[in-house]
Amino acid sequence: MNRALAWARQDMRRVIAALVGLVLAVLMLPPLWILLQDSITTTDAIGDVTGFTLAHFGKLFTDKDAIRSIWNSLVFAAGSTALSLIVGGVLAWLVERTNAPFKILAYLATIISLGTPYILHVIAWLFLLGKIGPLNDAYRTLTGGTANLFNVNSMAGMILIEGFLWSPLVFLLLGSTFRAANADMEEAARMSGATVLQTLRRVSLPLAMPAILALALFVFIRAIGGFEVPALVGMPGRIYVLTTDVYEATIVVPPDLGYAAAFSVVMVVIVAVLLYFYSRLSKNAEKYHSVTGKGFRPRPFDLGAGRWIAGAIIIANFCIVLVLPMLTLLWMSLLPFLRGFSVAGLSMLTLKNFRTVFTAPGYVELATNSLMVAAAAATFIMAITALAGWIAARRGPGGWLLDQLATLSLVFPGICLGVAVMEVYLRVPLPIYGSLWIIAIAYVIRFMPYGMRYVYSGVLQLHHELEEAAGVAGAGSLTTLRRIVAPLLSPAIIAGWLFIFLVANKELAIAVLLASPGSQVIAVSIFDQWVNGQGGELAAFGLIWTVLMTVIACLFFAQGRRGGTDVFGN
Amino acid sequence: MLTVRDLTKIYANRFDTQAGGVREVSFDLPEGTFFTLLGPSGCGKTTTLRCVAGLERPDAGTIAVGDRVLFDSTSKTAVPLNERGIGMVFQSYAIWPHMTVFENIAFPLRVAKGVKPGKEEVRSLVEQALSTVGLAGYGDRPATRLSGGQQQRVALARAIVHRPKLLLLDEPLSNLDAALREEMRIELRRLQQQIGVTTIYVTHDQSEALAMSDRIAVMEKGRIVQMGNPREIYFRPASVFVASFIGAANLLTGICDGAVVPGAIGSVRLPDGARIGCLFPAGGADGQATTVSVRPESIVFADQAVLSGIVTAASFLGGSARYDVQVGDSVLRVVGGAEEVVAPGTSVGLSFAASSAVVVG
């Protein structure tokens with residue numbers, strides 16, 4: 001018999017692993033390499049390396065502004081992490097473990113916020129807390145003076161807005177922790193005579209602590225890399241953090257790419273260290289996971305009369321996270337120019353902005369561009385990770401390496417990845433730079449880890465005997481993959497696709513440096529419009545977009561329920 | 001029919017426990033044998049089965065079905081699992097939830113190498129398999145809407161539909177409740193005899209092994225420690241481990257009194273001076289330290305007693321009664337008739353036949 005053929009069939013998994021590994025290496029390694037190279041070399045005008053230098057790092061560690069940016073980043077990330085944990089955590093506990101009313105509102109706010117681009121939230125909050133916003137307006141009316149109560153373009157403003165931006169995610173992830181916790185342990189505490197508060201403090205919180213710490217680190221990492229709030233809220237107030245420094249260094253003429261790269265390397269190192277602790281913590285958190293798997297519904301705490309206070313908290317959160325920002329956007333979209341809430345304004349209401357959105361040529365093209373880029377990236381990612389995740393989860397040939405490669409981009413904050421991808425594809429002699437392709441490639445690199453997480457945990461949920469049974473029945477690797485693994489994995493693959501599609505349409509930081517006038521995506525275009533003062537049109541367009549994305553977010557949650565995977569693949 | 005020689009597969013030592021795996025396992029099975037690998041968890045029985053199936057690659061040894069070598073470490077032969085033509089029932093049943101019952105069972109036929117059976121042939125083979133396992137008419141059901149017992153039958157039908165030469169069963173009854181397990185035990189044995197397929201059955205449940213098997217191999221720490229038919233295993237345990245793992249055993253220690261030839265009855269002196277007659281399967285030397293196993297149901301209360309003691313506990317079990325009897329320093333378990341009542345505190349004499357007291361070490 002043909003030996004080569006027999007080898008190929010027997011080792012089909014090896015062939016697949018090698019091909020997938022090659023694709024992953026080509027995508028994931030160059031950005032990291034180029035950042036390191038740029039940060040320690042000097043280059044000439046066309047980007048060729050001319051020499052070795054430590055000047056970029058030197059500048060970074062001696063420049064007072066740079067050190068202040070690092071400090072600001074830490075304060076900003078720590079503050080917003082604390083705020084989002086408190087808000088999201090309280091909400092999660094009330095919704096999952098007590099008999100508080102209006103629980104549905106918490107879910108509703110979460111689903112819709114998952115579909116809304118971060119930048120829309122930020123803009124709405126800038127308006128609400130800004131100089132012409134209702135808060136300062138009311139204060140001026142009360143005091144009769146011209147001084148404002150609150151300056152939104154401050155560190156406090158940044159933390160406030162970023163904190164509320166992340167609280168829905170905290171709500172979702174902590175919610176699943178509280179849901180999975182073993183109610184017996186709390187009931188045992190109650191039976192021993194503890195009050196609700198004592199139980200919470202002595203039993204529930206210590207049990208959830210590893211999960212809470214892991215989540216805190218996760219939010220901290222994301223906030224360090226956050227771009228929308230620092231750019232829109234911080235920069236006008238001259239408060240710089242690492243991400244905005246990278247951005248500034250890239251958009252000045254001529255761009256100081258070495259400096260941006262050095263900044264990026266610092267951030268990548270910080271994030272990598274944090275990620276290391278995160279993975280240790282979340283392993284620890286799994287140990288504490290006291291799931292019984294009996295499919296039980298834990299008995300909620302009875303808050304007594306306190307449940308109405310709890311209900312008020314839920315409603316307040318609903319207003320802050322959803323109602324106020326959406327009303328603001330609606331107000332902005334219905335007025336011909338930006339002005340504060342007022343009765344006088346009501347007489348000026350007009351649908352002109354909505355008409356413009358539907359008739360002006362740019363918007364439809366912009367929407368199609370965004371959707372297509374996100375869909376292409378999500379499809380490509382899921383195709384690659386379906387194979388890589390399967391091999392990795394089943395400890396197949398090279399599985400560990402595939403996993404490391406696919407999740408490598410977790411160390412990149414969005415803006416740093418933008419810089420790196422720009423640098424890489426400026427040097428590639430293909431017409432990728434300046435086209436939509438470069439954004440799609442950046443999305444693929446950025447969101448590859450998410451696809452991996454969905455597939456990996458999906459495969460772990462499949463009993464390995466399901467595949468072994470196919471092998472014993474006579475099926476080869478490819479047949480098993482096609483007839484058994486792929487169909488059983490499809491819920492996880494679909495959920496992963498929808499999630500990537502949603503977040504790709506939300507994020508500004510990755511695309512902001514890569515988009516060019518002919519190839520725009522939503523978040524970048526909203527950013528430009530805000531900077532250019534076209535608030536009305538962007539609000540109208542943003543609202544329509546939010547409705548569209550909410551539909552997809554609903555699909556995603558329905559899929560998550562069906563597939564049984566955790567919402568964020570975590 | 002199936003020949004396994006010196007099969008060895010060592011797992012790297014994890015944590016502080018002894019390295020798992022199997023060492024130099026050998027057995028030969030005639031056509032149609034119901035062969036059971038029996039042992040506590042971690043003894044290597046499942047590893048042995050998975051090596052035969054092709055799910056694990058052994059470090060050394062040979063595996064052959066008839067003249068066909070499936071694995072040979074010296075000639076580097078390793079037939080891939082999907083070309084071995086073996087049927088297997090997994091512990092979790094591994095019923096594919098996205099297929100109907102019919103499609104689950106038809107799968108081995110659809111992925112068959114070489115000549116694929118036609119549509120009509122598939123239908124008739126599947127229906128035949130379904131009726132063999134007593135599920136005729138269930139073909140259109142989604143696989144997710146089956147009870148535990150039904151899933152097990154589907155798994156069995158899938159394993160036999162392509163008429164394999166060898167059937168492997170990996171603890172197939174362990175996920176069923178007690179009553180159903182009893183029923184399936186009889187059913188499985190009947191089915192195996194009906195189709196006459198050589199079968200390897202893995203279990204840690206000694207009563208399953210005794211009830212179903214033609215031959216049993218008892219495994220401990222990766223090795224086969226005794227192989228024989230169920231009666232031999234039960235009544236002639238070869239070691240302390242086998243005696244205490246299969247059923248309850250009373251172990252008495254003493255000194256061999258005079259040389260005994262293998263297979264003869266000899267005498268053992270207990271520490272308190274009493275002498276008991278017992279069987280020496282491997283013979284014995286004068287003065288040799290000896291452990292004797294006596295089954296609780298072999299001991300009777302008698303006036304002309306070999307041993308005497310005091311009843312310390314008595315429990316009524318319906319069909320029988322169980323007693324703990326203090327004899328010297330040790331407590332013997334005795335199973336007696338249910339009608340007889342012996343209250344705790346009673347002095348009793350104990351007697352047993354020399355042929356039912358077996359020297360195990």
Side-chain angles (χ1 to χ4, degrees), chain A residues 1-16 287 293-295 386 390 394-397 400 458-495 559 562-565, chain B residues 46 49-50 52-57 76-99 103-114 116-117 129 143-144 151 154-164 166-172 175:
Chain A
M1 193 183 140
N2 189 332
R3 264 178 177 277
L5 194 72
W7 182 87
R9 201 171 52 211
Q10 201 172 333
D11 290 62
M12 210 53 201
R13 280 213 306 182
R14 245 169 253 223
V15 177
I16 297 173
K287 263 193 290 191
K294 278 183 276 178
W390 175 58
R394 289 292 183 238
R395 311 213 177 287
W400 181 84
V459 172
L460 287 189
Q461 282 176 9
L462 298 182
H463 201 298
H464 60 93
E465 288 183 352
L466 289 169
E467 288 164 42
E468 291 175 357
V472 172
S477 285
L478 281 182
T479 313
T480 306
L481 187 62
R482 192 169 53 86
R483 309 249 334 230
I484 307 294
V485 179
L488 290 177
L489 215 51
S490 63
I493 293 176
I494 294 171
Q559 182 65 24
R562 209 159 67 87
T565 36
Chain B
T46 295
L49 192 77
R50 289 173 64 89
V52 173
L55 291 164
E56 303 281 346
R57 198 189 174 93
K76 301 238 182 284
T77 311
V79 177
L81 81 159
N82 56 319
E83 289 165 23
R84 293 195 176 191
I86 289 174
M88 180 161 176
V89 175
F90 289 83
Q91 189 171 7
S92 69
Y93 313 139
I95 302 296
W96 300 306
H98 60 300
M99 299 180 184
E103 281 306 319
N104 260 284
I105 297 173
F107 189 84
L109 304 172
R110 299 211 193 279
V111 299
K113 294 266 176 329
K116 288 186 199 288
T144 44
Q151 284 188 34
V154 172
L156 194 58
R158 185 176 67 190
I160 60 174
V161 71
H162 56 310
R163 310 257 161 88
L166 189 61
L167 179 62
L168 308 178
L169 306 170
D170 184 9
E171 309 216 19
N175 286 334

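Not measured: the values here are computed from a predicted model. Residue numbers start from 1 in every chain, and the chains themselves are labelled A, B, ... in the order their sequence lines are given, proteins ahead of strands.
Counting heavy atoms from C-beta outward, A:Ile484 and A:Leu462 have side chains that stay 4.5 Å or more apart.
B:Leu168 does not touch chain A: none of its heavy atoms, backbone or side chain, sits under 4.5 Å away. Of the atoms belonging to B:Leu55, it is side-chain heavy atoms, and not backbone ones, that fall under 4.5 Å from chain A.
Interface summary for chain B: among A:His464, A:Glu468, A:Arg483, the most heavy-atom pairs under 4.5 angstrom belong to A:Glu468.
Listed here is the closest heavy atom pair of B:His98 and A:Leu488: ND1-CD2, 3.3 Å.
A donor-acceptor pair under 3.5 Å is formed between the side chain of A:Glu465 and the backbone N or O of B:Ser92. Under the 3.5 Å distance criterion, the side-chain polar atoms of B:Arg84 are matched with a main-chain donor or acceptor of B:Val52.
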